[in-house]
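Quick notes on the structure that follows.
All values below were derived from every heavy atom in this structure, side-chain atoms included, with hydrogens, water molecules and symmetry-related copies excluded. Numbering of residues begins at 1 and proceeds along the displayed sequence. For ligands, and for the atoms within them, numbers begin at 1 and follow the listed sequence.
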Amino acid sequence: MAHILVTGGAGYVGAVVTARLQQAGHSATVVDNLSTGHRAAVSGARLVEADLEDDAALEGIFSAESFAGVVHFASHCRVEESIVHPVKYFRDNVGGSLKLFDAMLRHGVKALVFSSSCAVYGEPSQVPITEDQPLDPINPYGESKLFVERILKAYQRAYGMRSVSLRYFNACGAAVDGRLGESHHPETHLIPLVLRAAADGDYALTLFGNDYPTPDGTCVRDYIHVEDLATAHLAALKRLLEGMGREVYNIGTGNGLSVRQIIESAQRVTGSRVRHTVGPRRDGDPPVLVADASRAKSALGWTPRYSDPATILGTAWNWFRNPRY
Ligand code: UDP
């Protein structure tokens with residue numbers, strides 16, 4: 001069993017992965033600046049409150065402990081914000097990753113699982129999207145993830161750093177044990193906002209555009225449950241610990257759901273009406289993003305188990321009513 005550094009392990013996906021790593025018998029240290037993460041989301045692992053750009057803090061972490069690998073989540077992840085404040089995305093997502101990789105190389109840690117995103121594809125020329133499709137992000141968030149993937153490619157060749165980049169589609173749902181979930185301030189993601197509208201009759205969701213070239217006019221996304229994301233990270237880490245790398249996988253279900261279908265599922269699960277109004281399209285939103293995840297399924301032996309709409313909305317609703325932080 002291995003000792004792993006998790007950056008951003010107090011965040012939504014990072015906390016679930018940290019918990020599942022520990023359940024699988026690994027031990028973890030989390031580094032998180034708590035800008036969006038939650039102290040209460042980390043249990044059973046040492047939490048170092050620090051920024052990845054803080055060289056001294058990173059040096060302290062890598063000098064004090066010996067890691068078999070790193071799982072790297074820490075990053076800003078709001079598409080719209082990245083368009084307005086690109087500096088945050090390039091300075092922190094790319095700059096922070098460079099500092100992390102420097103520290104890893106100084107200490108001979110050469111195995112990394114990287115949280116990438118389907119945003120690296122931009123507007124895909126074909127759906128479902130395979131890993132070989134053109135990489136052409138349409139916002140600074142996607143650019144920042146692609147830069148880091150490219151850095152990893154060069155670092156493998158030059159320094160032998162092995163990595164697995166997981167290009168997530170839409171992370172959603174909450175831990176099945178109800179202990180961890182999504183808690184963003186402000187909340188911008190569809191599913192928590194749909195549930196807010198179900199719970200609060202005075203709140204209406206704004207549906208961003210109903211004139212997309214999709215069956216019901218609303219955007220189609222591939223929603224992947226956070227527990228399934230966690231399984232993918234564990235499988236990726238296993239490959240790295242066995243000496244494999246550099247690999248890139250789409251992590252999605254292959255099934256698209258429209259915004260309207262999410263609203264309908266939420267109404268079924270909650271038994272309440274989801275009030276909504278139709279607003280303009282949101283900048284940077286492609287009409288359809290659906291994964292071809294066959295590479296992850298065959299190479300990682302990974303299968304999504306929790307990503308059906310009823311389980312996604314059911315676990316998210318459970319968390320919405322009983323958030324722990
Ligand atoms: N969306 C929406 N209203 C909202 C938030 C999101 O209609 O208040 C739509 C958005 O346009 C996108 C989908 O829901 O098509 C998922 O958006 P989210 O922000 O959850 O994830 P993203 O796709 O940006 O990663």
Side-chain angles (χ1 to χ4, degrees), residues 11-13 36 73 75-85 89 93 115-124 127-129 137-146 166-174 181-200 202-226 229 250-253 255-267 274-291 307 309 312-313 315-317 319-320:
Y12 169 41
V13 184
T36 55
F73 294 98
S75 79
H76 303 294
C77 55
R78 285 171 48 201
V79 166
E80 209 178 16
E81 180 190 56
S82 80
I83 296 167
V84 184
H85 297 300
Y89 286 73
N93 292 9
S115 299
S116 188
S117 166
C118 63
V120 297
Y121 299 110
E123 302 239 9
V127 281
I129 304 169
I138 55 170
N139 51 60
Y141 168 66
E143 295 280 12
S144 75
K145 292 289 178 185
L146 182 54
L166 300 178
R167 293 178 181 158
Y168 316 163
F169 282 64
N170 282 61
C172 59
E182 187 167 11
S183 206
H184 301 113
H185 305 285
E187 187 52 76
T188 61
H189 291 100
L190 178 67
I191 290 177
L193 293 177
V194 165
L195 296 176
R196 183 183 299 173
D200 173 0
D202 292 335
Y203 172 77
L205 172 87
T206 305
L207 201 159
F208 296 143
N210 66 351
D211 58 351
Y212 283 96
T214 59
D216 66 19
T218 67
C219 283
V220 171
R221 294 288 178 271
D222 186 333
Y223 292 88
I224 181 80
H225 196 286
V226 68
L229 282 176
N250 285 339
I251 303 296
T253 63
N255 296 319
L257 292 172
S258 71
V259 177
R260 285 203 187 283
Q261 286 175 307
I262 291 287
I263 291 173
E264 282 156 21
S265 293
Q267 293 185 150
V274 171
R275 275 186 55 209
H276 58 276
T277 56
V278 177
R281 292 181 177 195
R282 185 174 67 174
D283 249 4
D285 268 344
V288 181
L289 291 172
V290 174
S307 296
I312 289 171
L313 271 307
T315 56
W317 181 231
W319 173 258
F320 184 91

Which atoms form the tightest heavy-atom contact between P140 and S82, and what is the distance?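 Heavy atoms only, the tightest pair is CG-O, 3.1 Å.
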So which heavy atom on V274 is nearest to which on I263, and how close? CB-CG2, 3.8 Å
Please identify which atoms of ligand 1 are closer than 4.0 Å to at least one heavy atom of [X].
X    : value
T188 : 5 (C), 19 (O)
L207 : 7 (O)
L193 : 8 (O)
L205 : 8 (O)

For [atom], closest protein heavy-atom neighbour:
atom                    : result
atom 3 (N) of ligand 1  : T206 O, 2.8 Å
atom 11 (O) of ligand 1 : D285 OD2, 2.6 Å
atom 15 (O) of ligand 1 : C219 CB, 2.9 Å
atom 9 (C) of ligand 1  : V259 CG2, 3.9 Å
atom 21 (O) of ligand 1 : N170 ND2, 3.1 Å
atom 4 (C) of ligand 1  : F208 CE1, 3.2 Å

Cationic tip of R282 above F208 ring, under 6.0 Å, 45° of axis: no
In the structure I gave you, are the side-chain heavy atoms of Y212 and V259 within less than 4.5 Å of one another anywhere? no
Heavy atoms, side chains only, cut-off 4.5 Å: are T36 and H184 in contact?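 No; the side chains remain at least 4.5 Å from each other.
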From the candidates R282, H189, R221, R196, the one that places a heavy atom nearest atom 24 (O) of ligand 1: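 Selected option, by shortest heavy-atom distance: R282.
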Of the listed options (N210, V288, L190), which comes nearest to atom 14 (O) of ligand 1 when hydrogens are ignored and any heavy atom counts? L190
Will you find, in the side chains of E81 and Y89, an N or O donor that is under 3.5 Å from an N or O acceptor?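 Yes, side-chain donor-acceptor contact under 3.5 Å.
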Is it true that the side chains of Y223 and T253 contain a donor and an acceptor less than 3.5 Å apart? no
Any Lys/Arg nitrogen of R281 or D211 sitting under 4.0 Å from an Asp/Glu carboxylate oxygen of the other? yes
Going by heavy atoms, is Y223 under 4.0 Å from ligand 1? yes
Residues two or more places apart in sequence or in another chain: which of them pass ring-ring contact (aromatic ring centres under 6.0 Å, His included) with F320? W317
